[in-house]
Q: 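Please read through the structure below; I'll follow up with questions.
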Amino acid sequence: MNVTPLTRRRLENFRANKRGYYSLWIFLTMFTISLFAEFIANDKPIVMWHQGSLYFPIFLTYTEHELGGEFKTEAKYEDPYVAKMVADTGGWMLWPPIRYGYDTVDWYIGGAAPAPPSAQHWLGTDDGARDVVARLLYGFRLSVSFGLALTVIASIIGITVGAVQGYYGGLVDLFGQRVIEIWAGLPMLFLLIILSSIVEPSALWLLLLLVLFSWMALVGVVRAEFLRTRNYDHVRAARSLGVSDATIMFKHVLPNAMVATLTYLPFILNGSITTLTALDFLGFGLPPGSPSLGELLAQGKSNIQSPWLGLTGFATLAIMLTLLIFVGEAVRDAFDPRRTLGEALNA
């Protein structure tokens with residue numbers, strides 16, 4: 001792949017910012033680990049040998065009857081009866097490091113929930129006797145995935161609206177700005193709370209609701225770049241040659257606007273994760289029982305006598321958001337035209 005000198009200088013500037021560069025790798029490592037949460041924290045074995053056959057409970061559902069038991073419901077592998085049934089036939093089960101899923105209730109904690117950290121539960125349990133490490137792992141993946149989806153969809157809409165306004169200008173720009181001013185003036189949090197209380201919450205529905213109010217973040221930046229770039233000589237030449245507006249917008253003008261746009265993306269992702277966490281904390285976010293950092297913080301608030309809940313949620317959010325801020329600062333410095341131009345002149 002051919003890399004232009006300008007792109008090479010930007011990559012070098014990004015690597016030169018050690019704080020942002022290492023923050024990116026730390027964040028990617030954390031997110032990659034969370035993608036394999038089922039193999040790290042699960043109440044089902046990864047693989048099982050039973051009655052001369054291999055079973056993969058982590059991928060497939062087996063009933064207790066299929067394994068030689070009595071019930072025709074899904075087998076509970078942590079049940080002593082099922083474990084003894086497998087062991088009696090000379091079988092074995094390969095378990096994940098943490099033998100609890102995000103929704104697994106530990107009926108054998110030997111005390112009241114929330115239970116404090118122990119060898120069995122490294123960060124204790126919540127008030128539903130569910131393992132905090134497992135919920136933290138799944139909640140981190142859900143929060144980042146939700147934030148990425150929200151950032152991508154909202155950015156596509158915002159870039160498109162800003163491009164149309166900036167390229168055509170005139171009445172299109174005037175009308176678009178008035179609509180954005182009215183829409184931006186609506187109390188987003190109150191409307192989200194009202195809509196979330198009316199409609200049964202789900203991850204997809206919540207994503208659509210947040211997209212309605214998140215697409216405006218990039219409109220102003222893209223619009224300004226298009227207003228500035230649309231009168232460049234190469235754009236006017238392409239227009240005079242009969243090139244379509246769509247081709248000019250997304251081939252000749254958009255690359256200039258993407259420089260400023262890319263510097264905003266880590267901060268938009270930060271805001272998306274924070275918004276989801278806030279709604280979950282208030283009880284208007286994801287459905288009850290979903291692994292959520294906001295729900296973990298809410299439990300910490302409700303169970304002050306169990307400080308490990310609040311501290312775990314706070315530390316996770318603080319580390320995650322700090323890493324994203326450092327990455328955003330590094331991206332901003334890498335695309336800073338003063339730095340790239342200065343280095344090009346010195347070279």
Side-chain angles (χ1 to χ4, degrees), residues 23 27 30-31 34 102-103 114 123 126-128 130 132 134-155 157-158 180 183-219 264-304 306-328:
S23 294
F27 180 80
M30 294 169 60
F31 183 55
S34 71
Y102 71 88
D103 57 349
L123 292 176
D126 62 6
D127 56 10
R130 297 168 297 190
V132 172
R135 292 189 65 79
L136 184 65
L137 189 62
Y138 284 87
F140 180 86
R141 181 179 67 180
L142 180 59
S143 297
V144 176
S145 301
F146 187 93
L148 286 172
L150 178 58
T151 300
V152 171
I153 297 174
S155 297
I157 297 175
I180 290 176
W183 195 252
L186 297 176
M188 181 189 73
L189 184 59
F190 291 139
L191 289 177
L192 287 175
I193 291 175
I194 293 172
L195 292 175
S196 298
S197 61
I198 295 175
V199 181
E200 183 178 355
S202 67
L204 179 60
W205 178 248
L206 186 61
L207 178 63
L208 294 176
L209 289 179
L210 290 176
V211 166
L212 290 177
F213 298 96
S214 302
W215 60 269
M216 294 173 286
L218 292 175
V219 172
Y264 278 84
L265 291 183
F267 302 102
I268 296 176
L269 175 59
N270 225 339
S272 301
I273 295 174
T274 304
T275 301
L276 176 64
T277 303
L279 289 175
D280 286 336
F281 179 79
L282 295 173
F284 297 99
L286 295 171
S290 301
S292 165
L293 299 178
E295 191 261 353
L296 186 60
L297 289 174
Q299 288 211 24
K301 174 179 174 293
S302 302
N303 299 277
I304 303 178
S306 306
W308 57 88
L309 296 176
L311 290 176
T312 300
F314 170 77
T316 304
L317 273 175
I319 293 172
M320 176 172 57
L321 299 182
T322 301
L323 291 175
L324 288 175
I325 288 294
F326 288 161
V327 172

Q: Would you say the side chain of V144 lies within less than 4.5 Å of the side chain of S34, judging by non-hydrogen atoms?
A: no
Q: Checking F146 now: which residues fulfil ring pair (Phe, Tyr, Trp, His ring centres under 6.0 Å) with it, not counting sequence neighbours?
A: none
Q: Do you know the tightest heavy-atom contact between D280 and G285?
A: OD1-CA, 3.1 Å
Q: Is it the case that atom CD1 in I304 sees more than 12 heavy atoms from other parts of the structure closer than 6.0 Å?
A: no
Q: Sequence neighbours left out, what passes salt bridge (charged side-chain N to carboxylate O under 4.0 Å, His left out) with R130? Give chain and number order.
A: D126, E295
Q: Of all residues at least two apart in sequence or in a different chain, which pass the side chain to side chain donor-acceptor pair (under 3.5 Å) check with T277?
A: none
Q: Is a donor on one side and an acceptor on the other found under 3.5 Å between the side chain of S292 and the backbone of G294?
A: yes
Q: Say you draw a straight line from CD1 of I273 to CG of L148; how long is it, rounded to the nearest 0.5 Å?
A: 7.0 Å
Q: Partners of D127 by side chain to side chain donor-acceptor pair (under 3.5 Å), sequence neighbours excluded?
A: Q299
Q: Taking it one step at a time, do L150 and T275 satisfy side-chain contact (heavy atoms from CB on, under 4.5 Å)?
A: CA-CA 11 Å; L150 178 58; T275 301; 5.6 Å; no
Q: List for me each residue that meets ring pair (Phe, Tyr, Trp, His ring centres under 6.0 Å) alongside Y138, sequence neighbours excluded, and say none if there are none.
A: Y102
Q: Looking only at non-hydrogen atoms, find the nearest pair between T151 and S155 and report the distance.
A: O-OG, 2.5 Å
Q: Find the distance between CG (L207) and CG (L286) and round it off to the nearest 0.5 Å.
A: 10.5 Å
Q: According to the salt bridge (charged side-chain N to carboxylate O under 4.0 Å, His left out) rule, which pairs have a member within residues 207-216, sequence neighbours left out?
A: none
Q: Is there a side-chain contact between R135 and L296, using heavy atoms and a 4.5 Å cut-off?
A: no
Q: Calculate, to the nearest 0.5 Å, the distance between atoms CG and OG belonging to L276 and S145 respectively.
A: 11.0 Å
Q: Measuring from atom CG of L218 to atom CD1 of I157, what distance do you get when rounded to the nearest 0.5 angstrom?
A: 11.5 Å
Q: Please report the interatomic distance CD1(I325) to CG(N270), rounded to the nearest 0.5 Å.
A: 4.5 Å
Q: Could you check whether any side-chain heavy atom of P266 comes within less than 4.5 Å of a side-chain heavy atom of F326, counting everything from C-beta outward?
A: no
Q: So which heavy atom on P287 is nearest to which on S202, and how close?
A: CG-CA, 3.8 Å
Q: Would you indicate whether the side-chain heavy atoms of W215 and I180 approach each other to under 4.5 Å?
A: yes
Q: For the residue pair F27 and F140, what are the closest heavy atoms and their distance?
A: CE1-CZ, 4.3 Å
Q: When you compare the side chain of I153 with that of L208, does any pair of heavy atoms fall below 4.5 Å?
A: no
Q: So with a 6.0 Å cut-off around OH of Y264, is the heavy-atom count from everything else above 12?
A: no
Q: As an exercise, state the distance from CZ of F281 to CG of L293, rounded to the nearest 0.5 Å.
A: 13.0 Å
Q: Please report the shortest heavy-atom distance between V219 and G158, naming the atom on each side.
A: CG2-O, 3.6 Å
Q: Heavy-atom distance under 4.5 Å between the side chains of L297 and L309, does that happen here?
A: no
Q: Search all heavy atoms of A217 against all heavy atoms of I268 and return the closest pair with its distance.
A: CB-CD1, 4.1 Å
